[in-house]
> 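Pasting a structure below so you can have a look.
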Protein chains: 2
Amino acid sequence: MLIIKSVDEMKRHMKDIKKQGRSIGFVPTMGYLHEGHMSLIKRARGENEVVVVSVFVNPTQFGPNEDYERYPRDEERDKKMCEEAGCDILFMPNKDDMYRENYSTYVEVHGLTEGLCGAKRPGHFRGVATIVTKLFNIVKPDRAYFGQKDAQQLAVIKRMVKDLDFDIEIVGCEIVRDVDGLALSSRNTYLSEEERKQAPILYKSLLKAKEEIEKGERASEKLIDLIKTTILEMPDAQIDYIEIVNNETLKPIEKVEGEVLIALAVKFGKTRLIDNMVVRV
Amino acid sequence: MLIIKSVDEMKRHMKDIKKQGRSIGFVPTMGYLHEGHMSLIKRARGENEVVVVSVFVNPTQFGPNEDYERYPRDEERDKKMCEEAGCDILFMPNKDDMYRENYSTYVEVHGLTEGLCGAKRPGHFRGVATIVTKLFNIVKPDRAYFGQKDAQQLAVIKRMVKDLDFDIEIVGCEIVRDVDGLALSSRNTYLSEEERKQAPILYKSLLKAKEEIEKGERASEKLIDLIKTTILEMPDAQIDYIEIVNNETLKPIEKVEGEVLIALAVKFGKTRLIDNMVVRV
């Protein structure tokens with residue numbers, strides 16, 4: 001596995017690979033990898049001749065009071081895991097090389113970014129769209145892999161790729177969960193032992209809602225109430241949002257119909273977790 | 001010369017050319033071509049294996065009260081001129097194909113876009129940066145050619161290409177002028193006979209300022225006054241702005257130093273003309 005830290009070197013290297021006509025699969029990450037990332041890298045490995053993983057904690061997608069500084073990092077572990085999963089090129093740029101002097105350009109996706117996580121994290125998806133555009137231009141992938149856990153991010157990137165005419169296939173991959181159902185996330189490391197015990201309630205509440213839908217319930221309000229009541233059984237849970245939206249437009253819907261996304265964000269202590277489920281009726 | 005109207009067909013075609021490893025030179029235009037455009041196409045012809053010209057009057061760079069609807073168009077003439085100048089592929093998409101249903105993504109370049117033309121045309125450079133990003137992703141050029149007449153546009157695109165890591169060389173080309181000094185522009189066609197007679201004062205006023213600088217004048221205020229007085233000798237001239245700025249940052253400067261841009265916008269009747277001169281001291 002080749003490790004490249006310089007943006008210019010990465011550009012030259014990827015340009016060469018592109019010229020050779022080999023297919024490129026790309027997994028952009030913020031590092032501190034877990035089995036969720038591994039599943040993306042393995043999928044990329046199966047579908048492409050060259051697999052590129054980036055590890056970059058992107059400052060522009062963190063708000064001023066968010067966890068940019070304390071976001072977990074472990075370069076050595078990330079390297080080992082990438083190698084294990086079959087990565088060919090690991091790109092680990094630093095922030096001054098990615099955002100150089102007088103940096104001024106941002107990509108904004110309207111409409112999809114105002115609700116859900118966007119409401120509490122203004123500027124977050126602007127940062128995501130911008131860094132993904134930059135990485136796409138540097139890596140020049142044929143396919144890029146994103147986890148379904150960040151459902152809004154996935155929808156935003158799909159929209160952006162369509163709108164800006166990127167010639168890249170965006171592959172959304174299923175959420176990987178711990179044995180007790182908690183969706184894997186680098187931020188799970190923030191949880192205290194007690195909070196960690198309570199956190200699987202998020203998945204359980206989503207499963208309950210799904211069951212109700214299967215039994216015939218269609219009213220979003222009732223389903224949201226059910227999820228809320230379930231989650232609030234846990235003493236440390238503080239709900240940020242629970243929403244049922246159309247899975248493409250991310251617009252809230254009153255009645256479950258077609259392909260819907262049930263999405264939620266809940267804080268346990270200082271740690272904000274997200275989870276979601278796509279249901280088709 | 002191949003004429004392509006469909007965005008998807010253009011993408012497929014350019015992807016094939018890219019795979020063959022041939023160098024691509026690109027001249028994006030809004031059509032109604034003149035000798036200024038021709039000089040860009042000819043330059044691209046000399047420096048690349050494949051020359052692509054786009055003709056697209058981009059709605060997102062026009063304000064609600066601007067001249068999108070009445071902007072001059074002449075498809076047949078454009079085709080002939082492109083063929084003559086050595087264009088290989090002429091891309092003429094329509095606006096519904098470029099901006100499809102639920103279009104939501106925009107590229108913003110901050111800092112450079114607030115002054116000069118940006119002050120009176122809010123959203124203009126957002127539209128420019130967005131369409132150029134889209135065209136770059138569709139055409140995949142090695143080099144793209146822009147006229148120095150739109151000096152702020154050129155600076156914005158250079159900044160955007162650097163910031164978003166596009167692997168494209170931006171080539172700025174000299175202003176082409178009529179025999180009496182008027183910078184060529186598709187909008188010159190709006191001028192009445194009387195206004196057309198007065199318009200060359202813009203270039204004359206810039207030359208006067210340059211002469212003063214060569215004689216030793218460094219105070220922007222005095223130079224701007226000189227340009228203003230000169231232009232206002234013409235009865236139909238209404239000044240929008242006259243500014244002296246740093247040619248890279250586009251920030252106004254008090255003293256002429258290094259590479260400066262003298263830029264102006266002046267209305268004759270309903271027609272707004274721009275012109276500029278780069279001076280190095």
Side-chain angles (χ1 to χ4, degrees), chain A residues 7-8 10-16 18-23 60 91 93 97-114 125-126 129-140 142 155-168 246 248-251, chain B residues 7-8 10-16 18-23 60 91 93 97-114 125-126 129-140 142 155-168 246 248-251:
Chain A
V7 172
D8 289 338
M10 186 69 184
K11 281 185 192 173
R12 280 194 300 272
H13 195 79
M14 296 314 299
K15 203 174 178 177
D16 281 349
K18 203 74 193 168
K19 268 189 191 160
Q20 295 160 16
R22 294 156 77 197
S23 63
T60 65
F91 179 44
D97 201 13
M98 283 300 267
Y99 295 104
R100 296 185 189 178
E101 218 191 334
N102 295 320
Y103 190 91
S104 322
T105 309
Y106 295 91
V107 179
E108 308 234 22
V109 181
H110 299 283
L112 294 175
T113 53
E114 284 96 47
F125 288 109
R126 187 181 86 144
T130 301
I131 191 67
V132 170
T133 295
K134 283 171 65 65
L135 288 167
F136 282 179
N137 283 341
I138 294 168
V139 176
K140 301 176 179 67
D142 297 283
V156 166
I157 287 166
K158 280 184 176 168
R159 179 83 255 166
M160 179 187 87
V161 162
K162 216 182 223 176
D163 285 352
L164 295 185
D165 299 295
F166 278 104
D167 188 18
I168 298 171
N246 175 293
E248 200 194 328
T249 65
L250 305 188
K251 293 231 166 79
Chain B
V7 172
D8 289 338
M10 187 67 183
K11 281 184 191 172
R12 281 193 300 273
H13 195 79
M14 295 314 298
K15 202 174 179 175
D16 282 347
K18 202 78 192 166
K19 268 189 191 158
Q20 297 159 15
R22 294 157 77 197
S23 63
T60 65
F91 179 44
D97 201 12
M98 283 300 266
Y99 295 104
R100 294 184 188 179
E101 217 190 337
N102 296 321
Y103 189 91
S104 321
T105 308
Y106 295 91
V107 179
E108 307 235 22
V109 181
H110 299 283
L112 294 174
T113 52
E114 284 96 45
F125 289 108
R126 187 181 87 145
T130 302
I131 192 66
V132 170
T133 294
K134 284 170 65 65
L135 289 168
F136 281 179
N137 282 341
I138 295 167
V139 176
K140 301 177 181 65
D142 297 281
V156 166
I157 287 165
K158 280 184 177 170
R159 178 85 255 166
M160 179 188 88
V161 162
K162 217 183 224 178
D163 285 352
L164 295 184
D165 299 295
F166 278 105
D167 189 18
I168 298 170
N246 174 294
E248 200 195 330
T249 65
L250 304 188
K251 294 230 166 77

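As the structure is a prediction and not an experimental result, all values here were calculated from the model.
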> Side chain, backbone, both or neither: which part of Gln20(B) has an atom under 4.5 Å from a heavy atom of chain A?
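For Gln20(B), there is no contact with chain A at all, as no heavy atom is under 4.5 Å.
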
> First locate atom NZ of Lys162(B), then atom OG1 of Thr105(A), and finally report the distance between them rounded to the nearest 0.5 Å.
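Between Lys162(B) NZ and Thr105(A) OG1, I get 11.0 Å after rounding to 0.5 Å.
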
> Nearest 0.5 Å, please: how far is OG1 in Thr133(A) from CG in Asn137(B)?
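Going from CG on Asn137(B) over to OG1 on Thr133(A), the span is 8.5 Å.
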
> In Å, rounded to the nearest 0.5 Å, how long is the span from OH of Tyr106(A) to CE of Met160(B)?
15.0 Å

> Using non-hydrogen atoms only, which part of Glu248(A) is less than 4.5 Å away from chain B: side chain, backbone, both, or neither?
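No part of it gets close to chain B.
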
> Which answer fits Arg100(A), side chain, backbone, both or neither, if we ask what part of it has an atom under 4.5 Å from a heavy atom of chain B?
neither

> For the atom pair CD (Glu108(B)) and CZ (Arg126(A)), what is the distance rounded to the nearest 0.5 Å?
8.0 Å

> Under 4.5 Å, counting heavy-atom pairs only, tell me which of Val7(B), Asp163(B), Leu135(B) racks up the most with chain A.
Asp163(B)

> One thing to verify: whether Asp167(B) and Lys11(A) come together as a salt bridge, which I'm taking to mean a side-chain N less than 4.0 angstrom from a carboxylate O.
no

> Could you tell me which portion of Lys18(A) (side chain, backbone, both or neither) has an atom closer than 4.5 angstrom to a non-hydrogen atom of chain B?
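Lys18(A) has no heavy atom closer than 4.5 Å to chain B.
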
> Among Arg159(A), Lys19(A), His110(A), which residue forms the greatest number of heavy-atom pairs with chain B at distances under 4.5 Å?
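Going by pairs under 4.5 Å, I would pick Arg159(A).
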
> Against chain B, label Val156(A) side chain, backbone, both or neither, depending on which of its atoms sit under 4.5 Å from a heavy atom there.
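Contact with chain B involves no heavy atom of Val156(A) at all.
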
> Between Val109(B), Val107(B), Leu164(B), which residue shows the highest count of heavy-atom pairs closer than 4.5 Å to chain A?
Leu164(B)

